[in-house]
Amino acid sequence: MTRHYNGFPVLTADEAAAMIADNDLIGFSGFTPSGAAKATPRALAARAKELHAKGQRFKVRVLTGASTGVNLDEALAQADAVSWRAPYQSSKTLRERINKQETQFLDMHLSHVPQAIEFGFIAQPDWAVVEAVEVTHDGRVYLSTSGGISPSVLRHAKKVILEINRHHSPRLAEMHDVFILPRPPQRSPIPIHHPLTKIGMPFAIVDPKKVVGVVETNEPDGVAGFYAPDEFSEKIADHVVRFLADEIRADRVPDDFLPIQSGVGNVANAVMAGLGKSDDIPPFYMYSEVFQDALVDLMLNHRLLGASTTSLTLSDPQMRRVYDDMNFFAPRIVLRPQELSNNPGVVRRLGVIAINTALEADIYGHVNSTHVTGTHLMNGIGGSGDFIRNAYLSIFVCPSIAK
C-alpha cells in the first residue's frame, strides 16, 4: 500500500527518477548547493548510467537558479546525462563537457531566469524537482535554504516532485519572502525600500494536482567550507576597505554607509571579513545573492545588521550555528527569489555597493568574469552583471597576477 505525505504519494528517489523521460526539461531548486535537490538527481544519474550501458540514449535538459553541487550538476555530468544547461554552473565535469561542445549551455544574467520562465521565453519545464522543508495538502511549499527559481518552476512545470528534507530547520519559513512579479504591463514599482523589507509570503505555491510525489530526505547541503584568508586575499580586502573608507571621508558614500553585495568564493569571503574588522567602516546591511560563512560572525558581532539574499551558502558547521540560534538570525535574514534578490531596479534604488570576482581585467576597465583566454567557459556570467551595471559603486576583485 502506498504511503502518503499530506495527501501526496511518498516515492523513493529511484521511483521518482524512473518517471523522467529522455530530453525532458527539469527545473531544479538550488542556488549554489544550497537548497538544491539531492536524492532525485543522484538517482537520475544512476538511471542514465544503466540505460547508457544498454546502449539507450538518456539525457535531460537542466535549469536551475545558479550553480549547484556534487549531487546535481556533477553527478549528472559524470553520467553524461545533460544535453542542455542554463544559466550558470561550477561543476568541473560539466564545464569540460560544455567546452567540448558535448553539452549546450545558455549563459544568462541570473535575474533574467525567473522572468524568462514566466514570459514563456524558456519552454515550459516538464518537471520541477524542488527541495522544501514542508508541503501542505493545499499546495503551500515551504522552501529550504534558497529561493532561486523555485517559485517560478513550481508554478509553470507540468509535473512536480518535492524533496522534503528533514535536515533543515522548519523555521526557515521565517526568512523566506516569496513574491512573483506580474507580467508587463501590469507591473508596479517593487516596494523594497530597505534590505529587510518583505513584500510577499513565507511559502511558494504549487497546484496540488501537479505533484506526483514526495521524496523524503535528511541531508545537509554540503557547501564546502572556505579557506582561511591567505596573504593575497587579505591584501585585496585591505585595498577594498581603504578605498571605501576614502569614499566615506570624501563624502561620496554616506557616513551611515550603503548596502553591500558580495559574490561567492574565497576572495569575496575574505573581503567581507575585512570590512567587518575595519573601524573605518560602520555597521552595514547587505543586499546580495549569497550569505556566506564569514557573515555569520559579522552578524553575531553586530557588524552586519541584516542581509537580503537568495541562498544561505553556508558550510555545514556554520549552518548549524544559524539553526541553533534562529531567534537571533531569523529576523535579520531575508531569503528571496532571485528575480528580487538580483533585481536591477532595487539594486539601483538602494544604492548597493557591489563587490564581485573577475578572471582578468585590462587597463581600459574591461573585465572578463566568464571565459579563460576568451574561449573556454569557466562558470558563466552569474549574478555579477545584475549588480555591477546597476550598483552605486562597482568593484571587481582578483589577484593582480595569475596563470
Side-chain angles (χ1 to χ4, degrees), residues 31-32 64-68 73-74 77 82 84-113 116 224 226-227 229-241 243-244 260-272 274 288-290 292 310-311 313 338 341-344 347-348 352-403:
F31 194 104
T32 71
T64 67
S67 59
T68 59
D73 275 334
E74 188 64 22
V82 183
W84 180 92
R85 180 71 171 87
Y88 183 85
Q89 57 75 45
S90 61
S91 157
K92 180 178 183 295
T93 305
L94 184 55
R95 180 186 305 124
E96 291 171 351
R97 292 192 180 279
I98 292 169
N99 285 321
K100 292 177 181 178
Q101 299 185 32
E102 297 170 351
T103 296
Q104 294 179 317
F105 181 70
L106 177 61
D107 196 4
M108 297 178 67
H109 297 293
L110 299 186
S111 66
H112 291 181
V113 183
F226 291 101
Y227 301 115
D230 59 17
E231 177 187 1
F232 298 106
S233 58
E234 287 183 342
K235 285 184 176 179
I236 291 171
D238 289 343
H239 288 313
V240 173
V241 170
F243 169 75
L244 291 175
I260 294 286
Q261 177 263 335
S262 176
V264 70
N266 288 299
V267 174
N269 210 48
V271 170
M272 294 310 302
S288 192
E289 60 185 2
V290 290
Q292 297 190 109
T310 196
S311 71
T313 305
Q338 68 198 58
S341 68
N342 291 43
N343 189 276
V347 170
R348 182 168 290 191
V352 173
I353 296 173
I355 306 170
N356 288 276
T357 304
L359 290 177
E360 60 182 355
D362 68 19
I363 61 173
Y364 300 104
H366 304 121
V367 173
N368 166 26
S369 64
T370 59
H371 287 73
V372 177
T373 66
T375 58
H376 282 69
L377 179 80
M378 178 58 72
N379 297 337
I381 188 66
S384 60
D386 296 325
F387 289 94
I388 286 297
R389 288 176 173 173
N390 301 284
Y392 185 91
L393 285 173
S394 299
I395 302 169
F396 270 106
V397 295
C398 63
S400 58
I401 298 173
K403 65 179 180 179

- [ ] Could you tell me which residues satisfy side-chain contact (heavy atoms from CB on, under 4.5 Å) with H376, sequence neighbours excluded, listed by chain and number?
- [x] N99, V372

TODO: State which residues pass side-chain contact (heavy atoms from CB on, under 4.5 Å) with V397; sequence neighbours excluded, sorted by chain then number.
DONE: I236, V240, V267, I355, T357, I395

Over all atoms of both residues, closest heavy-atom pair of [X] and [Y]:
X    : Y    : answer
S341 : F387 : O-CZ, 3.3 Å
V290 : S262 : CG2-O, 3.5 Å
A237 : V271 : CB-CA, 3.8 Å

Give a yes or no on whether the backbone of [Y] and the side-chain of [X] come within a donor-acceptor separation of less than 3.5 Å.
X    : Y    : value
Q338 : G65  : yes
E289 : S384 : no
S90  : N379 : no
N368 : T370 : yes
R97  : K100 : no
D73  : S91  : no
Q89  : M378 : yes

Taking atom [atom1] of [X] and atom [atom2] of [Y], what is their separation to the nearest 0.5 Å?
X    : Y    : atom1 : atom2 : result
N356 : I388 : CG    : CD1   : 4.5 Å
L110 : F31  : CG    : CZ    : 5.0 Å
T103 : R85  : OG1   : CZ    : 10.5 Å

- [ ] Start with the C-alpha distance between N343 and S111, add both sets of side-chain angles, then the distance that settles side chain to side chain contact (heavy atoms under 4.5 Å, CB included), and finish with yes or no.
- [x] CA-CA 6 Å; N343 189 276; S111 66; 5.7 Å; no

Open item on the list: Quick one, S288 and I260 - any side-chain contact, counting heavy atoms below 4.5 Å?
Closed with: no

TODO: Answer yes or no: is there a side-chain heavy-atom contact under 4.5 Å between N342 and Q261?
DONE: no

- [ ] Evaluate side chain to side chain contact (heavy atoms under 4.5 Å, CB included) for D386 paired with V347, printing each intermediate quantity in order.
- [x] CA-CA 8 Å; D386 296 325; V347 170; over 6 Å; no

TODO: Under the salt bridge (Lys or Arg N to Asp or Glu O under 4.0 Å) rule, collect the residues that match up with E234, sequence neighbours excluded.
DONE: none

Task: Results of salt bridge (Lys or Arg N to Asp or Glu O under 4.0 Å) for R95 - residues two or more places apart only - done: none

- [ ] Any chance you could lay out the side chain to side chain contact (heavy atoms under 4.5 Å, CB included) test for Y88 and I381, step after step, and finish with the verdict?
- [x] CA-CA 7 Å; Y88 183 85; I381 188 66; over 6 Å; no

Task: Residues that E96 engages under side-chain hydrogen bond (donor to acceptor under 3.5 Å, both in side chains), provided they are two or more places apart - done: K92

- [ ] Can you sort out the partners of H112 under ring-ring contact (aromatic ring centres under 6.0 Å, His included), two or more places apart, ordered by chain and number?
- [x] H109

